[in-house]
Asker: 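If you scroll down you'll find the structure; I have some questions about it.
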Amino acid sequence: MSDSQPQQPFQSPRSGGGGGNSNAAAAEATTLLLTGARLTDGRTVDVRLGGGRIQAVGTAGSLPAPALSRVDLTGYLLLPAPAEPHAHGDTALTADADGPVSYTPDEVQRRATEAALLQLGHGATAVRSHVRIGDVHGLGPMEAVLQARRSLRGLADLTAVAVPRLLTGVAGADGLAMLRDAVKMGASVIGGCPDLDPDPTGFLEAVLELAAEHGCPVDLHTDGDDPGRLARLAAMAGGLRPGVTIGPCGGLARLPLDAAARAADQLAAAGVRVTCLPQGDCAALERRGLRTAPVRLLRAAGVRVAAGSGALRDAGNPVGRGDPLEAAYLLASQGGLRAAEAYESVSGCAREAMGLPEVRVEAGFPAELLAVRGDRIAGVLSLAYSRIVIHRGRVVARTSAVREYCDSAVAVALDLPRQGRTESGT
């Protein structure tokens, strides 16, 4: 089976099967005990989940519950699950298409579903997908992604961002009408790319007005290479609830340091969040070779910075993986962040940018968790092979990797790490 064809998510013995609402109901009803998990503070604990939340966290062996379903997490680090704040499910998995890419609703739904499952396998239990509307395809792609969202209920949370091309002038009138229709259909976030509109300020005004009218968050594409445009955006967006996110902002890294610092200060004062794309471009800006946003500069100014994956094997990045842990790895290895900060950018900061509740491995918090084989965040970002993904208190995906070395005197003498096929928990 190729890696572009995800296997069916693992079903725990008591979690039930089926799809749609039955999956959601099973998730709420399941009580699960995670045993022997390591936390980032070094403790080894048992964690009881129920009703979609963390019910209790105790020292290993302190939560006896013989009737519960159990998952042995010995050898795993237990973390708040990542979220994917910047995906493009309608264009995903199209890089190898023979001829023109099909945008029929069935094809878009298949791609969006497959992409979300791939990202779920990596650990992202929530995905925000930017969906182009207008032009010859109209609202078809939006309808398809919303259908994918319904089919994934109980496995992952998928939200749709309506992305019109133009909103000003004669041509923009149709785009604005279609944007309103997309919100009525179920798009919960308003997006777009002001950089591509002949009147970027007019585009912003239209988006922010519609967002205020419907109480929707805003998530815009921008290169961020125009300080004046960023200043106007910050001035216009300040105070909008539930908030404004922009990205990937690679152009900020090409500005002189003083200009970039002023822009960062303005964005921070306005409460505008930034989603960077360490793994490369997305196709929405119709440009290639953008640098990653200056994450350390933005964070120093007080900007909340999340990291997304962007393109998943489409025109923006034909080898994109859609893996949040790879985004965190790149921020740690090239972006100057500590490993814990890099992981926070794809977990807590990403969830915050998406308007999702905070997750901690503590009683009372949502049971959105990722277990990765390893004992420290730096280690799992380096070698994040085996993973167990928990959504709403239920195991929804597993990835198991086996590393073996041939029998040799040097392997025995050096006591090299060996993960056998029969080892518990693999």
Asker: Can you find a pair of side-chain heavy atoms, one from Val274 and one from Pro248, that are under 4.5 Å apart?
Answerer: no

Asker: Is Ile388 close to Val71 at the side-chain level, that is, under 4.5 Å between some pair of heavy atoms?
Answerer: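 Sidechains of Ile388 and Val71: in contact.
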
Asker: Side chain to side chain contact (heavy atoms under 4.5 Å, CB included) for Val127 and Asp157? Distances and angles first, verdict last.
Answerer: CA-CA 6 Å; Val127 177; Asp157 293 328; over 6 Å; no

Asker: State which residues pass salt bridge (Lys or Arg N to Asp or Glu O under 4.0 Å) with Asp41; sequence neighbours excluded, sorted by chain then number.
Answerer: Arg43

Asker: Charged N to carboxylate O below 4.0 Å: is that the case for Glu213 and Arg180?
Answerer: yes

Asker: Is Arg229 paired with Asp195 through a side-chain N to carboxylate O contact shorter than 4.0 Å?
Answerer: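 A salt bridge is present here (some side-chain N lies under 4.0 Å from a carboxylate O).
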
Asker: My understanding is that only residues two or more places apart in sequence, or in another chain, count here; which of them pass side chain to side chain donor-acceptor pair (under 3.5 Å) with Arg360?
Answerer: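 Here the qualifying residues are Glu358.
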
Asker: Can you tell whether the side chains of Glu84 and Arg128 come within less than 4.0 Å, N to carboxylate O?
Answerer: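 Salt bridge: no.
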
Asker: Would you please classify the geometry between the His86 ring and the His221 ring as parallel, tilted or perpendicular, with 30° and 60° separating the classes?
Answerer: perpendicular

Asker: Check for me whether Arg132 meets the cation-pi criterion with Tyr103, that is, NZ or CZ under 6.0 Å from the six-membered ring centre and within 45 degrees of the ring axis.
Answerer: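 No, cation not above the ring by the 6.0 Å, 45° rule.
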
Asker: Nearest 0.5 angstrom please: Asp199 CG to Leu204 CG, how far?
Answerer: 9.0 Å

Asker: Thr74 and Asp72: side-chain donor and acceptor closer than 3.5 Å?
Answerer: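 On atom types as modelled, these side chains qualify, holding a pair under 3.5 Å.
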
Asker: How many angstroms lie between atom CG of Leu79 and atom CG of Leu369, to the nearest 0.5 angstrom?
Answerer: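 Here the rounded value is 9.0 Å.
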
Asker: Please check: side-chain N/O of Arg387 versus main-chain N/O of His122, any donor-acceptor pairing under 3.5 Å?
Answerer: yes

Asker: Within the 4.5 Å heavy-atom criterion, are Leu158 and Val145 side-chain neighbours or not?
Answerer: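 Leu158 vs Val145: side chains touch.
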
Asker: Using side chain to side chain donor-acceptor pair (under 3.5 Å) as the criterion, list what pairs up with Gln55, not counting sequence neighbours.
Answerer: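 Testing Gln55 for side chain to side chain donor-acceptor pair (under 3.5 Å), a comparison that skips the adjacent residues, returns Arg48.
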
Asker: Specify the closest pair of heavy atoms between Pro294 and Cys249, including all atoms of both residues, with the distance to one decimal.
Answerer: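 Residues Pro294 and Cys249, closest heavy atoms: CD-O, 4.2 Å.
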
Asker: Taking all non-hydrogen atoms of both residues, which atom of Leu381 and which atom of Tyr343 are closest, and how far apart?
Answerer: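 The answer is CD2-CD1, 4.3 Å.
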
Asker: Would you confirm whether Thr275, through its side chain, and Ala307, through its main-chain N or O, come within 3.5 Å as a donor-acceptor pair?
Answerer: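 Absent.
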
Asker: In terms of side-chain heavy atoms, does Thr168 have a donor or acceptor partner in Asp197 at a distance below 3.5 Å?
Answerer: yes

Asker: Do Thr245 and Pro85 have side-chain heavy atoms sitting under 4.5 Å apart?
Answerer: no

Asker: Which value, rounded to the nearest 0.5 Å, describes the distance between Arg392 atom CZ and Leu155 atom CG?
Answerer: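 CG of Leu155 is found 9.5 Å from CZ of Arg392.
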
Asker: Look only at the side chain of Arg351 and the backbone of Pro357, and say whether a donor-acceptor pair between them is shorter than 3.5 Å.
Answerer: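 Judged by distance alone, yes, a pair lies under 3.5 Å.
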
Asker: Ile390 vs Val396, test: side chain to side chain contact (heavy atoms under 4.5 Å, CB included). Steps then yes/no.
Answerer: CA-CA 6 Å; Ile390 295 170; Val396 291; over 6 Å; no

Asker: Considering non-hydrogen atoms only, spot the tightest contact between Thr91 and Asp314 and give its length.
Answerer: OG1-OD2, 2.7 Å

Asker: CG of Asp96: more than 12 outside heavy atoms within 6.0 angstrom?
Answerer: no

Asker: OH of Tyr329 to CG of Leu337: how many Å apart, nearest 0.5 Å?
Answerer: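 Rounded to the nearest 0.5 Å, the OH-CG separation comes out at 14.0 Å.
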
Asker: Determine whether more than 12 heavy atoms belonging to other residues, nucleotides or ligands lie under 6.0 Å from atom CD of Glu209.
Answerer: no

Asker: Locate the shortest heavy-atom distance separating Val305 from Cys276; write the atom from each residue and the value.
Answerer: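 Reported closest heavy-atom pair: CG1-SG, 4.2 Å.
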
Asker: Between Glu341 and Arg338, is there a donor-acceptor pair closer than 3.5 Å when you use the side chain of the first and the backbone of the second?
Answerer: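 Indeed, once roles are kept as given, a pair shorter than 3.5 Å links the two residues.
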
Asker: Do Cys282 and Leu277 come within less than 4.5 Å of each other through their side chains, counting heavy atoms only?
Answerer: yes

Asker: Under 4.5 Å between any side-chain heavy atoms of Val207 and Leu220, yes or no?
Answerer: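 In short, these two side chains touch, coming nearer than 4.5 Å.
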
Asker: Looking at CZ of Arg304 and CG of Leu267, how far apart are the two atoms once the value is rounded to the nearest 0.5 Å?
Answerer: 14.5 Å

Asker: At their closest point, which heavy atom of Leu167 faces which heavy atom of Gly175, and how far apart are they?
Answerer: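 The answer is CD2-C, 3.6 Å.
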
Asker: Quick check: closest heavy atoms across Ala260 and Leu297, and the distance to 0.1 Å?
Answerer: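 Heavy atoms only, the tightest pair is O-CD2, 3.7 Å.
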
Asker: Kindly say whether Gly379 contributes a backbone atom to a donor-acceptor pair with the side chain of Ser382 at under 3.5 angstrom?
Answerer: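 A pair under 3.5 Å: no.
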
Asker: Any side-chain heavy-atom pair from Thr159 and Arg149 closer than 4.5 angstrom?
Answerer: no

Asker: For Asp90, does its backbone N or O pair with a side-chain atom of Arg111 as donor and acceptor, under 3.5 Å?
Answerer: yes

Asker: Between Arg273 and Asp219, is there a salt bridge with N-O shorter than 4.0 Å?
Answerer: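 Looking at Asp219 and Arg273, the cut-off is not met.
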
Asker: Could you go step by step and tell me if Val395 and Leu32 meet the side chain to side chain contact (heavy atoms under 4.5 Å, CB included) rule?
Answerer: CA-CA 9 Å; Val395 174; Leu32 183 66; 3.9 Å; yes

Asker: With side chain to side chain contact (heavy atoms under 4.5 Å, CB included) as the test, would you mind laying out the steps for Asp375 and Leu77 before giving the verdict?
Answerer: CA-CA 5 Å; Asp375 58 2; Leu77 185 69; 5.8 Å; no

Asker: Less than 4.5 Å apart, any side-chain heavy atom of Leu63 and any of Thr35?
Answerer: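 No, side chains not in contact.
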
Asker: Return the OG to CG distance between Ser129 and Leu312, rounded to the nearest 0.5 Å.
Answerer: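 The OG atom of Ser129 sits 10.5 Å away from the CG atom of Leu312.
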
